[in-house]
Amino acid sequence: MDVERDMADEGAAEDSAQPGALRAAMVEELRQMGALRSDPVERAFRVVPRHLFSPEAPLMEAYGVNRSVVVKRDDDGMALSTVSAPSMQANMLEQTEVQPGMRVLEIGSGGVNAAMLAELVGAEGHVTTVDIDADVTERARRGLAESGYDQVRVVCADAEHGVADQAPYDRILVTVGVWDIPPAWLDQLVEGGRLIVPLRLQGVMRSIALERADGRLTSRSVHPCGFVPVQGAGAREEHVALLDADVGLRFDEQRRLNIAGLSEALATPPEERWSGVTIGSQEMIDDLTLWLTTTLPGCGMLTAKQAAIDRGLVGRPARRGVPAAVDGDSFAYRAAVRAAEDERHELGVHGHGPRGAELAEQYVDLMRQWDRQHRHGPGAVIEVHPAHTPDERVNHGFVLDRNHTRVVIFWP
Ligand SMILES: C[S@@+](CC[C@H](N)C(=O)[O-])C[C@H]1O[C@@H](n2cnc3c(N)ncnc32)[C@H](O)[C@@H]1O
């Protein structure tokens with residue numbers, strides 16, 4: 001009997017050691033990839049037992065640095081709620097720059113992130129997390145209680161209106177993809193406070209750390225990210241124009257398009273232009289993508305299924321979505337690479353339709369401009385002003401007019 005109990009204890013000890021070892025390995029990997037950059041955030045990752053927040057997922061999945069765990073889907077199988085990937089959480093917590101004693105609101109609850117925020121604010125601080133979905137808040141509450149973070153306040157509500165009774169906040173961390181910034185978020189943020197928000201900008205999403213000063217928000221850092229779309233009052237669908245069963249153009253707003261002309265253009269052989277701009281094999285070009293979405297004429301995101309690439313209809317970059325210049329019955333997009341010196345690759349553009357060659361020329365010119373003037377610079381600055389702020393009171397740049405805000409993007 002005693003032998004049996006000893007063996008059972010041994011087994012239990014092994015099981016409980018495993019999450020600890022996986023957590024240590026995850027932290028190491030996050031450090032190496034540059035997602036973890038500060039000691040307090042690293043410590044939060046070391047101590048929060050993240051597997052307790054997704055008990056149905058295998059441990060390897062809960063601790064995979066780039067793995068998010070889907071916890072709820074809609075009837076079509078689209079993810080409605082996930083426990084975000086550690087790499088995404090690390091980047092955003094670093095952007096948030098939480099200090100001990102702060103008051104923090106998290107929008108979109110999974111539990112893990114709120115627990116890490118609780119570690120960062122310490123005993124004197126305060127964390128509230130809000131989610132529109134009662135199943136999600138119930139799960140988060142359970143995970144927080146089980147892991148010893150029941151001081152976090154969990155609220156079930158549409159975050160369009162923030163959480164007024166706990167306001168104001170020093171930090172608001174949004175963990176769901178939005179198209180606009182509701183006035184409540186600005187109203188409930190202290191002057192000098194930070195809002196971190198995954199904002200959809202013409203088909204690309206960026207996690208932007210924005211600081212509040214003088215009635216506006218100004219970016220301090222911008223990172224690529226991917227999040228499930230917001231539900232409730234702030235929901236806003238993208239518009240997709242299909243040029244073929246496997247190829248679409250995505251836009252933030254409804255646009256009047258010559259779909260027949262664009263479809264015909266897609267079916268004709270393209271004009272090819274080479275930019276002279278080269279990239280390394282592991283290099284990220286999300287900064288170039290944002291530059292192109294804010295400068296190309298009539299920009300939409302060309303997105304294709306693998307079948308269209310296999311058929312030779314579009315180039316490989318379209319698989320993940322690539323900015324396209326669109327004008328009437330013609331369009332151009334970054335479609336190809338070819339080998340260049342020092343194991344680098346040169347970026348090439350295809351233009352389709354009667355004005356395809358002209359658009360392709362414009363496209364490569366914009367790439368060259370980015371390469372010369374912005375590639376090694378500070379990157380885009382994004383300002384968010386209340387809607388209807390007159391042009392003369394905003395910086396000169398690319399302006400996106402939303403229901404509640406004017407989003408201005410410029411490249412210093
Ligand atoms: C990516 S998940 C949150 C991840 C989480 N913060 C974590 O720690 O892993 C996004 C969540 O946002 C929630 N959501 C969507 N629209 C919302 C809204 N209007 N108000 C509050 N929550 C919302 C979804 O229900 C979903 O649970």
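Counting starts at 1 for both ligands and their atoms, in listed order. Everything numeric in this text was worked out from a predicted model, so none of it was measured.
- Between R37 and E94 there is no salt bridge, since no side-chain N of the basic residue sits under 4.0 Å from a carboxylate O of the acidic one.
- At a heavy-atom distance under 4.0 Å, only backbone atoms of A157 (N, CA, C or O) approach ligand 1.
- Considering only non-hydrogen protein atoms, atom 8 (O) of ligand 1 sits nearest to N113 CB, 3.1 Å.
- At least one heavy atom of Q89 sits less than 4.0 Å from an atom of ligand 1.
- Remark: among candidates V70, D133, T82, V136, the nearest residue to atom 2 (S) of ligand 1 is T82, based on non-hydrogen atoms.
- I132 CG2, 3.8 Å is the protein heavy atom nearest to atom 14 (N) of ligand 1.
- Near D158, the atoms of ligand 1 lying under 4.0 angstrom from a non-hydrogen atom of the residue are 18 (C), 19 (N), 20 (N).
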(Q) If you apply the rule ring-ring contact (aromatic ring centres under 6.0 Å, His included), what do you find for H396 with F410, and how did you get there? (A) CA-CA 7 Å; H396 183 69; F410 57 95; 9.4 Å; no
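- Of the protein's non-hydrogen atoms, the one nearest atom 10 (C) of ligand 1 is T175 O, 3.3 Å.
- Within the structure, ligand 1 lacks G234 among the residues with a heavy atom less than 4.0 angstrom away.
- Side-chain atoms of D244 come within 3.5 Å of backbone atoms of D246 as a donor-acceptor pair (strictly under, hydrogens ignored).
- The shortest N or O to N or O distance between A159 and ligand 1 is below 3.5 Å.
- With respect to E42 and R46, a salt bridge is recorded, a charged nitrogen being found less than 4.0 Å from a carboxylate O.
- Given atom 9 (O) of ligand 1, the protein heavy atom at minimum distance is S84 N, 2.8 Å.
- In terms of polar-atom proximity, E160 is not counted as a contact of ligand 1, lacking any N or O under 3.5 Å from an N or O of the ligand.
- With hydrogens and angles ignored, the 3.5 Å screen pairs no side-chain donor or acceptor of R406 with any backbone N or O of L400.
- In terms of modelled atom types and a separation under 3.5 Å, the side chain of T294 and the main chain of F398 share no donor-acceptor contact.
- Only the backbone of S109 comes within contact range of ligand 1, with a heavy atom under 4.0 Å; no side-chain atom does.
- The closest protein non-hydrogen atom to atom 5 (C) of ligand 1 is G110 N, 3.4 Å.
- Here is the list of ligand 1 atoms found below 4.0 Å of a heavy atom in V176: 12 (O), 15 (C).
- If you number the atoms of ligand 1 from 1 as listed, the ones under 4.0 Å from a heavy atom of S81 come out as 26 (C), 27 (O).
- Of the possible donor and acceptor atoms, none in the side chain of S68 sits under 3.5 Å from a partner among the backbone N and O of S84.
- Of all atoms in ligand 1, listed by their number and element, those nearer than 4.0 Å to a heavy atom of V83 are 9 (O).
- Protein heavy atom at the shortest distance from atom 12 (O) of ligand 1 is G108 CA, 3.5 Å.
- Within the set T129, D131, V130, the minimum heavy-atom distance to atom 24 (C) of ligand 1 is found for D131.
- In this structure, W291 contributes its side chain and L366 its backbone to a donor-acceptor pair below 3.5 Å.
- For ligand 1, the atoms lying closer than 4.0 Å to a non-hydrogen atom of E106 are 6 (N), 8 (O).
- Side-chain atoms of Y363 never come within 3.5 Å of backbone atoms of S275 as a donor-acceptor pair (strictly under, hydrogens ignored).
- For ligand 1, the atoms closer than 4.0 angstrom to any heavy atom of V228 are 10 (C).
- For atom 16 (N) of ligand 1, the nearest protein heavy atom (residue, atom name, distance) is Q231 N, 2.9 Å.
- We find that D39 and R31 are joined by a salt bridge, their nearest charged nitrogen and carboxylate oxygen being less than 4.0 Å apart.
- With Y169 contributing its side chain and V163 its backbone, the two residues share a donor-acceptor pair below 3.5 Å.
- Looking only at atom types and distance, the side chain of S221 has a donor-acceptor partner in the side chain of Q95 under 3.5 Å away.
- Per-residue contacts place L80 under 4.0 angstrom from the following atoms of ligand 1 (heavy atoms of the residue considered): 24 (C), 26 (C).
- With hydrogens and angles disregarded, no donor-acceptor distance shorter than 3.5 Å links the side chain of T405 to the backbone of D180.
- Not a single heavy atom of S68 lies less than 4.0 angstrom from ligand 1.
- Annotation: cation-pi geometry satisfied between R236 and W179 (NZ/CZ under 6.0 angstrom from ring centroid, within 45° of ring axis).
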